[in-house]
Amino acid sequence: MTMCGIVGYVGNNSAKDMIIDGLKSLEYRGYDSAGIALNAKGKIIVRKESGVIANLEKKIGKQDFDGNLGIGHTRWATHGSPIRENAHPHLSADGRIAIVHNGIIENYLELKAQLKKNHRIEFKSETDSEVIAHLIGAHYKGDLVEAVRKAVERMRGAYAVGAIAADEPDKIVAVRKDAPLIAGIGQDSNYLASDIPALLKYTRDIYLIENDEIVIITADDIKIYDEDMTRVRREVMHVTWDAAAAEKGGYEHFMKKEICEQPEGIRETLERRLDDRGDIKLDGVELTKKELDAIDRIYIVACGTASHAGMQGKALIERFAGIPTETDLASEFRYRNPLVNERTLFLCISQSGETLDTLEALREAKRKGARVLSICNVVGSSVARESDDVFYTWAGPEIAVASTKAYTTQLVCLYLIALYMGRERGVLPESEYRRMIEELRALPQKAEETLKTENQIRELAERFCIKEQIFYIGRGQDVGTAYEASLKLKEVSYINSFAIAAGELKHGTIALIRKQTLFFVLASQDALYEKMLSNIEEIKARSAHVVSIAKKGNRRIAKVSDETIFIPQCADEVAPILAVIPLQLLAYHIAKLKKRNIDKPRNLAKSVTVE
Ligand code: AGP
């Protein structure tokens with residue numbers, strides 16, 4: 001099985017160069033091996049290497065072979081270790097068909113047993129993907145499309161597959177089910193890829209391939225068919241991203257670049273939805289009073305960082321719109337028979353729009369009759385396409401595995417949705433609505449100001465990078481921020497950290513406090529300020545070291561804490577957007593001092609397209 005990137009090329013130029021280039025553009029996804037298969041004069045040549053793509057490039061650079069058609073792949077290991085044998089492309093038994101695969105073949109053990117028994121096939125890798133090559137090989141009678149279709153009939157699971165055959169040197173055949181796949185339109189050349197950045201240097205015109213579709217790519221044509229082989233007419237999608245947006249733009253790491261892009265991301269996400277009068281436009285999403293009154297419950301479902309945004313969303317929707325809202329982790333929601341029906345609004349949050357747990361939860365909610373509204377950063381992603389309505393974050397491409405700007409723009413979307421709902425339902429006083437709009441409009445500039453804490457944070461990171469564990473506590477909306485700060489630190493620095501609602505400390509976790517145990521205390525909520533002061537006293541009494549995060553002007557907290565990071569004055573409701581920024585910077589600087597692989601931390605990948 002694989003969680004990986006796919007690139008394919010057919011045209012008049014060097015397939016080798018384009019594919020290596022495309023794979024490099026997908027490096028950000030996280031991978032541990034890479035490979036390429038070319039059709040060179042009717043013969044399939046495969047080269048693979050473990051480790052970075054530069055290893056593969058070095059290996060094939062010296063070799064005198066090329067072709068005008070090929071497929072390439074970056075692999076992130078799950079079924080089988082990250083060794084060369086497990087890297088894609090995989091070959092059929094006679095070596096005349098090669099495939100690359102993104103996804104998981106759930107029944108691969110059963111298929112493997114059948115292929116061994118009926119066709120005496122010897123497997124060369126430990127992957128689930130290799131069965132696809134052999135299945136296609138077993139069905140191949142000179143027609144690759146037909147063989148791929150027959151193979152797909154036997155496969156269960158999620159897949160985006162690209163296949164080439166030695167005897168058909170003019171085409172790539174690809175098929176998708178629940179894993180991203182696009183075809184790129186060039187001049188005398190066409191492309192296949194799992195992700196848009198792989199093609200940005202070559203074309204901005206793409207087709208999004210849908211579930212159960214099969215696509216045949218030749219140098220001068222791209223034909224898409226549904227599962228019954230009826231030709232599908234698809235609109236061309238023109239990608240408007242700036243290519244530079246997918247590069248580091250002078251920063252040492254994508255994570256740092258993306259942290260610094262937050263004021264802009266917040267501004268974009270906000271201003272595109274606010275008109276001059278301060279009225280919110282929901283991008284054409286219809287949520288009338290009648291429709292809202294028909295909703296008796298909202299579920300916010302997501303994974304990881306997006307689920308922390310969801311925690312804030314619950315507080316905002318209940319506070320502004322008065323609709324009972326539950327949050328759940330997508331991986332839990334799917335398996336607990338949730339109480340969902342036609343009166344449920346399912347609010348799904350996903351940066352990538354390809355997280356399998358989130359997608360499956362979305363499908364489950366749809367099956368049960370819920371209306372699905374998604375907050376997503378990737379146009380045309382699976383979550384976006386399968387939702388009834390989408391509200392996009394305008395964060396721009398997020399490349400670092402650790403999510404930063406997607407998180408803060410998800411929060412902006414949640415403010416807008418909650419305020420819109422409250423106003424539409426008539427439960428939010430107009431003065432309150434106006435006050436919040438003013439608070440939101442001030443956020444980009446306040447986020448800029450918050451970024452100026454970086455010098456202080458760098459100095460803290462130098463002292464604290466030797467810590468073996470760090471605690472984050474808060475109350476109210478600060479709990480979600482504590483969770484997010486803790487996850488960020490774990491992901492990029494590999495320091496053990498723990499986030500907890502401050503009131504819960506005394507119920508057990510307080511036993512862990514020793515002299516100099518490090519606490520980051522989030523105290524951005526004026527309404528809970530006194531309570532947080534008591535929490536600080538409680539942990540200081542046990543000789544812990546306390547760094548507080550509070551709004552400017554809160555002098556008392558500075559007196560009781562060992563040190564304080566100040567964020568600009570703002571309403572409690574919007575403080576989570578500002579309070580998380582210094583803690584993102586802290587995770588980044590500690591990781592940098594510890595010389596971690598910041599943009600691609602170990603064991604992690606950008607989009608988790610497996611369970
Ligand atoms: C965030 O830093 C993590 N890399 C991870 O928790 C992520 O937020 C999660 O996997 C969900 O991803 P999504 O937003 O793309 O669905």
Side-chain angles (χ1 to χ4, degrees), residues 3 28-30 76 78 178-180 194-196 253-256 258-259 262 265 300-313 327-334 346-363 372 374-387 390-393 395-411 413-414 480-494 497 499 580-581 583-588 591 596-611:
M3 179 150 59
Y28 68 88
R29 288 180 58 115
W76 189 82
T78 52
D178 296 339
S194 49
D195 303 72
I196 293 171
H253 299 98
F254 280 114
M255 183 179 177
K256 178 69 190 298
E258 289 159 8
I259 290 173
Q262 290 181 108
I300 307 183
V301 177
C303 300
T305 287
S307 76
H308 302 149
M311 289 170 75
Q312 307 287 4
T327 50
D328 207 348
L329 298 168
S331 53
E332 291 295 317
F333 180 87
R334 315 169 45 178
F346 182 89
L347 184 45
C348 165
I349 310 177
S350 175
Q351 185 284 130
S352 63
E354 300 296 347
T355 303
L356 189 68
D357 281 326
T358 308
L359 255 178
E360 288 296 344
L362 178 161
R363 288 171 185 153
V372 175
S374 291
I375 295 175
C376 188
N377 195 40
V378 180
V379 177
S381 61
S382 303
V383 163
R385 281 180 293 120
E386 294 190 31
S387 301
V390 191
F391 199 58
Y392 285 108
T393 39
E398 190 179 68
I399 308 296
V401 165
S403 185
T404 52
K405 61 178 182 172
Y407 174 70
T408 44
T409 52
Q410 283 161 358
L411 294 186
C413 290
L414 288 161
T481 311
Y483 275 53
E484 176 53 13
S486 167
L487 180 69
K488 221 72 313 163
L489 183 80
K490 275 184 270 210
E491 275 185 296
V492 296
S493 75
Y494 315 152
S497 82
V580 77
I581 294 175
L583 299 174
Q584 295 168 335
L585 285 168
L586 180 81
Y588 171 78
R596 302 303 192 212
N597 192 355
I598 294 181
D599 287 334
K600 280 174 276 171
R602 72 179 176 212
N603 305 337
L604 297 178
K606 185 64 183 161
S607 36
V608 185
T609 53
V610 292
E611 250 191 275

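Start at 1 and go down the list; that is how both ligands and their atoms are numbered.
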Go through the structure and list residues passing side chain to side chain donor-acceptor pair (under 3.5 Å) with Q584, not counting sequence neighbours. Q262

Can you tell if the side chain of L362 reaches within under 4.5 Å of the side chain of F346, non-hydrogen atoms only? yes

Compare all side-chain heavy atoms of T305 with those of K488 and state whether any distance is below 4.5 angstrom. yes

With distance as the sole criterion, is a donor-acceptor pair present between the side chains of S387 and S374 under 3.5 Å? yes

Would you tabulate the polar-atom pairs, meaning N/O of ligand 1 against N/O of the protein, with distances under 3.5 Å, reported to 0.1 Å?
| unit_1 | atom_1 | unit_2 | atom_2 | d |
| --- | --- | --- | --- | --- |
| ligand 1 | 2 (O) | T305 | OG1 | 3.4 |
| ligand 1 | 2 (O) | S403 | N | 2.8 |
| ligand 1 | 2 (O) | K488 | NZ | 2.9 |
| ligand 1 | 2 (O) | E491 | OE1 | 2.7 |
| ligand 1 | 2 (O) | E491 | OE2 | 2.9 |
| ligand 1 | 4 (N) | V401 | O | 2.9 |
| ligand 1 | 4 (N) | E491 | OE2 | 2.8 |
| ligand 1 | 6 (O) | T305 | N | 3.3 |
| ligand 1 | 8 (O) | T305 | N | 3.2 |
| ligand 1 | 12 (O) | T355 | OG1 | 3.4 |
| ligand 1 | 14 (O) | Q351 | N | 2.6 |
| ligand 1 | 15 (O) | S352 | N | 2.8 |
| ligand 1 | 15 (O) | S352 | OG | 2.6 |
| ligand 1 | 15 (O) | T355 | OG1 | 3.3 |
| ligand 1 | 16 (O) | S350 | OG | 2.6 |
| ligand 1 | 16 (O) | T355 | OG1 | 2.4 |

Has Q410 got a side-chain atom pairing as donor or acceptor with A309's backbone, closer than 3.5 angstrom? no

Does the side chain of Q312 come within less than 4.5 Å of T481's, by heavy atoms? yes

